[in-house]
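Right, one structure below, let's go through it.
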2 protein chains.
Amino acid sequence: MSTVGKAVTLLEAFDVHRPQLGLTELARLTGFDKATTRRLLLSLASHGMIEQNETTRLYRLGPALVRFARIREAHFPFLESARSFVVALAEETGETAHLSEFDTDYLTSTYVEESPQANRVSVSVGDRFPLHATASGLAYLAAARPDYVETYLTRSLERHTPFTLTEPDILRQHLGEIRQRGYSISDQGRAQGVFSVGAAILDGEGLPIGALAVASPAVRASGDTAERHGRAVMLAAGKISARLNGRATNTKDRTR
Amino acid sequence: MSTVGKAVTLLEAFDVHRPQLGLTELARLTGFDKATTRRLLLSLASHGMIEQNETTRLYRLGPALVRFARIREAHFPFLESARSFVVALAEETGETAHLSEFDTDYLTSTYVEESPQANRVSVSVGDRFPLHATASGLAYLAAARPDYVETYLTRSLERHTPFTLTEPDILRQHLGEIRQRGYSISDQGRAQGVFSVGAAILDGEGLPIGALAVASPAVRASGDTAERHGRAVMLAAGKISARLNGRATNTKDRTR
DNA sequence: AAATTGAGGTTCAACTAATGAACCCACGCC
DNA sequence: GGCGTGGGTTCATTAGTTGAACCTCAATTT
């Protein structure tokens, strides 16, 4: 692995539930030597990518990351342009709606609007969705480049529940149906008792960059739920894509 | 420079006004060889820190940065906890109020609430403030560790206007006065015609992590402006620090 | 109070990964 | 059709990275 890759791997050791880590702990989590870990941390810290609490000696993600994130968001306002549509979708369906963004073989939850009902699906910002086991992921794959999909399908796909689809051939067929239908369906693919439908968010070239989904308790999913939610999520995703690209983008326009 | 440092330097080539860059352009901006630049970009891209537009071949900051920023903000909610106080401060003073965060020898503007008046000071999120030439920076320095201040003062300090203070001795004296007073004053230190007062935001150990400031056109700064704005900014900064640390933190409590 | 454990941090010879000059290719333009 | 420009690649040389062993300090344990 390149040195840069190692440095980023170090950053990836942090998450919402482990926002601060010690040197030894970081070395253990990443598998790097303590000396290596420290040298990388210092390099990162000198650029504000990592910060150290001077009394506890613990490391945490630095302010430069926030600065970079703002630059990206200013130019590529994924969240800003989507928030209101997610809220509207949750209201319309009465269920939890969530938006996720593609990032290295996963979709990462970016914004969540939970259902007001007591029995609801709960999702947290930062949660990562495997592509083959969630409605969001399937919607993403259905719109992704064929070569990416093939590469993804040939690796070993984790089975999260007895309902998870892991057979490449079945998945390929499933993706075909999603393309026809316009939205994806995942019946308890990642978590038991959760029924979801999803649709991809597309960039200016028609390639997917994220997904929008509605998740409901499976016990509330009756005959027409998939279609009702599916239409709603498809429409909302289309609107988000359109706004993101400053124009309509439901066609895969590749003329340029 | 370490490879990691170079990789981050590449990220730093992007800013709000230049959110997308080509390979050659990036190599030119950073001074690295084209091959080096590309290899670094690939390493970064494989972790989602950089993204490439497949048709224009231009590179932009990646989604992983946004993910990391969220992890940091979830744990260290600088902006969230401060926003309402900045709005209130702008309202109270009738002038532009802005919050900035320390990041590698500069304060970076994080949130801005502009004055409603036609003749107002305009600040953009992402603007970088030199420590010696702005009210925010001086407030930061006045609360910073002595060894950091000394290191900072011994480098050559840029003169932005005829009013910029660049003499280490004068600055040291100035910082003493700021500590006594509780807020800083910068009369046209960075831009002609801008009068600002500022106060530092402190972490749980009493060390500064950012600053809050009120900036007004110098022509509106009369006799009591400094004191009125100063008191307001000091109070607001104290409240932000307190909320950030979950308790009162205007004393430098180091008992642990 | 001496011994033990475990954390942060450092050193330096061995070694592996980074470097960059020169290269190719594609496209747009005169 | 030749020239300029930008993206991308190659590989011998070179410079940065590695990690076992070490140090220090503070908190437990004996």
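Note on naming: letters A, B, ... go to the chains in the order of the sequence lines (proteins, then strands), and numbering restarts at 1 for each one.
By the ring-ring contact (aromatic ring centres under 6.0 Å, His included) test, Phe68(B) pairs with no residue at all, sequence neighbours left out. Residues meeting the side-chain contact (heavy atoms from CB on, under 4.5 Å) test with Arg57(B), sequence neighbours left out: Gln52(B).
Distances were taken from every side-chain heavy atom of Ser2(B) (C-beta onward) to each of dG8(D), dT18(D), dT17(D); the shortest belongs to dT17(D).
Rounded to 10°, the angle separating the first-five-pair axis and the last-five-pair axis of the helix from dA1(C)-dT30(D) to dC30(C)-dG1(D) equals 30°.
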Practice problem: Check the pair Tyr111(A), His98(A) against side chain to side chain donor-acceptor pair (under 3.5 Å), reporting the backbone distance first and the verdict last. | Solution: CA-CA 6 Å; Tyr111(A) 185 71; His98(A) 60 92; over 6 Å; no
Quiz prompt | From CA spacing to verdict: side chain to side chain donor-acceptor pair (under 3.5 Å), Ser43(A), Ser2(B) | solution = CA-CA 7 Å; Ser43(A) 295; Ser2(B) 70; 3.3 Å; yes
Polar atom pairs between nucleotides 25-27 of chain D and protein, under 3.5 Å, N or O only, would you list them?
none

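Figure legend: Arg60(A) and Phe14(A) shown without cation-pi pairing, the cationic atom not lying both under 6.0 angstrom from the six-membered ring centre and within 45 degrees of its axis.
Dashed line: the shortest gap from a side-chain N or O of Thr3(B) to OP1 or OP2 of dT17(D) is under 4.0 Å.
Of all nucleotides in DNA chain C, those with any atom nearer than 4.0 Å to a heavy atom of chain A start and finish, going 5' to 3', at dA7(C) to dA18(C).
For the contact set between residues 29-43 of chain B and DNA chain C, defined by any heavy atom under 4.0 Å, the members are Asp33(B), Ala35(B), Thr36(B), Arg39(B).
Here the C1' atom of nucleotide dG8(D) and the CG atom of Leu21(B) are 17 Å apart, to the nearest Å.
Between Tyr106(B) and Phe129(B), the distance from one ring center to the other does not fall under 6.0 angstrom.
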